[in-house]
Amino acid sequence: MYHRLLIPVAAISMLLSAGCGRTPSPTVQTPVPVIFDTDVGNDIDDVLAMQMLFNYEDSGKIDLLGITISKSNPYAIQYIDGYCRLHGRPDIPLGFAYNGANPEDGGYNRQVLDTVIDGRHILEPVRSIADSLPEGFRLLRRLLASVPDSSVVLIATGPETNIARLLESGPDEFSPLDGRSLAARKVKLLSVMGGLYGDEFDFPEWNIVQDLPAAQTVFSEWPGEMIASGWELGNRLLYPNQSILNDFANGDSDPLCVAYKVYAEMPYDRQTWDLTSVLQAIEPDSAWFTLSEPGKIAIDSIGRSIYAPEACGRQRYMSIPEASVGRTLRALVSRVTGKAEPTMGELESPGE
């Protein structure tokens with residue numbers, strides 16, 4: 001009799017609480033599992049995108065499962081390992097695209113690793129090429145096999161080497177599924193910076209042509225939802241150099257700021273190509289961008305991206321109306337700096 005009375009009384013109490021205008025307990029947000037595939041060292045936007053992800057993780061929005069490196073240069077490993085340690089993630093799994101694209105040093109990795117201030121290196125990596133990191137696609141298989149179905153957001157901001165190798169992989173100790181089936185089961189979204197869309201420009205985009213066979217494989221064989229950010233989108237959203245100069249504590253020794261200043265002669269405002277893929281992937285409901293109708297994106301023999309609408313297509317690309325540029329740029333700066341969104345006046349450099 002006691003138990004029969006307890007349930008209705010509890011229910012009545014809940015109804016009375018709601019009727020009295022009490023605020024219900026907030027829903028606990030489950031962090032989104034994310035894997036980041038990056039070619040850090042080729043362009044500075046990869047570092048800004050990585051910083052966004054660490055800020056998202058600090059705020060509880062994501063769980064950064066691992067980072068796969070698509071630039072086949074050992075200094076990329078050290079830069080990323082040092083950057084992860086700086087942000088309290090020394091244990092984050094790393095994978096590497098052996099015999100992949102862009103073996104050259106790049107524009108800032110080695111320089112930042114060599115920078116010493118007050119007797120200490122500003123990045124202090126532990127892992128290196130000598131540690132025999134797993135192949136990028138092997139790490140992807142291990143991470144995907146360990147998560148619930150349809151849960152992972154995969155963000156790719158460089159050549160598609162690791163993603164293509166995943167799709168071409170066979171069963172192993174991590175999963176009895178081949179790579180295509182594993183991706184279909186586990187990945188909720190592939191957000192990729194690659195290609196060029198619309199009528200304003202017509203040339204093969206850089207990420208695509210660095211490993212053209214891999215890009216062709218990914219765009220033709222990816223089994224799930226894909227959203228592509230084209231060159232023309234990031235080209236309209238320029239990260240303000242004033243943010244680099246003013247928004248970071250100890251900016252002269254912050255590895256992000258040092259890398260930005262080393263990459264090109266200051267002052268310069270850099271395109272936010274990779275950042276757009278991160279923002280869309282993590283905040284898909286915020287309408288920062290406009291998405292095309294579902295369709296299919298093909299990569300031709302010289303690397304041009306050709307979109308065609310398709311009723312049952314699972315690939316879309318992003319665009320942005322002029323009226324949204326300022327709002328979205330403020331959001332990007334906020335996500336990189338971890339600070340409140342600046343006003344448009346604060347984004348402008350002196351004298352503009």
Side-chain angles (χ1 to χ4, degrees), residues 33-44 46-47 49-51 53-54 57 62-117 119-147 152 154-175 179 182 210-211 214 254-256 258-259 262 274:
V34 172
I35 302 172
F36 185 43
D37 186 79
T38 175
D39 62 337
V40 159
N42 284 335
D43 203 311
I44 196 60
D46 289 89
V47 180
M50 189 161 56
Q51 182 64 45
L53 291 172
F54 281 121
E57 187 166 60
I62 72 168
D63 179 10
L64 188 56
L65 302 180
I67 299 174
T68 51
I69 304 166
S70 58
K71 179 175 177 59
S72 189
N73 176 273
Y75 289 108
I77 297 173
Q78 292 176 257
Y79 186 98
I80 290 177
D81 182 60
Y83 207 84
C84 291
R85 292 174 188 281
L86 186 71
H87 289 275
R89 290 298 313 273
D91 58 340
I92 193 165
L94 303 181
F96 187 62
Y98 296 93
N99 300 312
N102 310 127
E104 66 278 356
D105 286 354
Y108 54 85
N109 282 341
R110 187 197 290 244
Q111 295 92 322
V112 175
L113 288 164
D114 288 343
T115 299
V116 176
I117 295 178
R120 295 185 60 181
H121 287 88
I122 61 172
L123 285 181
E124 299 181 315
V126 173
R127 287 174 286 186
S128 72
I129 192 70
D131 292 291
S132 300
L133 296 184
E135 286 269 8
F137 80 91
R138 295 268 295 164
L139 178 60
L140 289 172
R141 288 189 60 85
R142 176 166 73 83
L143 295 175
L144 292 177
S146 68
V147 297
V152 169
L154 176 55
I155 303 173
T157 61
E160 305 294 330
T161 309
N162 290 316
I163 315 300
R165 291 176 181 178
L166 166 68
L167 293 178
E168 294 167 343
S169 66
D172 58 11
E173 68 270 31
F174 304 124
S175 173
L182 185 61
Q210 296 310 298
D211 191 341
D254 188 300
L256 181 150
V258 174
V262 166
D274 296 348

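Model, not experiment: these values are computed from the prediction.
Remark: side-chain polar atoms of N42 are not paired, donor with acceptor, to backbone N or O of G106 under 3.5 angstrom. Checked by atom type and distance alone, the side chain of R141 pairs as donor or acceptor with a backbone atom of S175 at under 3.5 Å. Side chain of T161 to backbone of S70: no donor-acceptor contact under 3.5 angstrom is found. Without hydrogens or angle criteria, E57 side chain to L64 main chain gives a donor-acceptor distance under 3.5 Å. Using a distance-only test at 3.5 Å, with no hydrogens or angles considered, no donor-acceptor pair links the side chain of D114 to the main chain of Q111. In this structure, N73 contributes its side chain and E104 its backbone to a donor-acceptor pair below 3.5 Å. A donor-acceptor pair under 3.5 Å is formed between the side chain of K71 and the backbone N or O of N102. Between the side chain of D81 and the main chain of V126, a donor-acceptor pair closer than 3.5 Å is present. Formation of a donor-acceptor pair under 3.5 Å by the D46 side chain with backbone atoms of D274 is not found in this model.
Using the six-membered ring where Trp is involved, Y79 and Y83 have ring planes that are parallel, under 30° apart on the 30 and 60° scheme.
Here R138 pairs with E173 in a salt bridge; the nearest charged N to carboxylate O distance falls below 4.0 Å.
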Quiz item: Given T115 and V262, is the side chain to side chain contact (heavy atoms under 4.5 Å, CB included) satisfied, shown in steps?
Solution: CA-CA 11 Å; T115 299; V262 166; 5.8 Å; no
Exercise. Would you check, one step at a time, whether the test side chain to side chain contact (heavy atoms under 4.5 Å, CB included) holds for Y108 with V47?
Key: CA-CA 10 Å; Y108 54 85; V47 180; 3.3 Å; yes
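Around atom CG of D91, more than 12 heavy atoms belonging to other residues, nucleotides or ligands sit under 6.0 Å away.
Remark: F174 CZ to L139 CG distance equals 8.5 Å, nearest 0.5 Å. Remark: L256 CG to I122 CD1 distance equals 10.0 Å, nearest 0.5 Å. Note that CG of D131 is 9.5 Å distant from CD of Q78, once rounded to the nearest 0.5 Å. Separating the CZ atom in F137 from the CG atom in D172 is a distance of 8.0 Å, to the nearest 0.5 Å. For the atom pair CG (L143) and CG (L154), the distance works out to 10.0 Å, reported to the nearest 0.5 Å. Atom-to-atom distance recorded for L140:CG and S169:OG is 9.0 Å, nearest 0.5 angstrom.
When side chains are defined from C-beta on, L144 counts as touching I35, because their heavy atoms get closer than 4.5 Å. Side-chain atoms of T157 and F36, non-hydrogen and from C-beta on, do get closer than 4.5 Å to each other. Within the 4.5 Å cutoff, no side-chain heavy atoms of I67 are placed close to those of V40. Y75 has its side chain out of reach of V112: every pair of non-hydrogen atoms, C-beta onward, lies at least 4.5 Å apart.
Nearest heavy atom pair, residue E124 against residue R85, reads O-CD, 3.6 Å. Nearest heavy-atom pair across I69 and A76 is CG2-CB, 3.8 Å. Of all heavy-atom pairs spanning I163 and A156, the tightest one is CG1-CB, 4.3 Å. Considering all non-hydrogen atoms of both residues, L113 and P125 come closest at CD2-CG, 3.9 Å. Residues G66 and I92 come closest through the heavy atom pair CA-CG1, 3.9 Å. The two residues L65 and P93 make their nearest non-hydrogen contact at O-CD, 3.1 Å.
D37 and T68 are linked by a side-chain donor-acceptor pair at a separation below 3.5 angstrom, with hydrogens and angles left out of the test.
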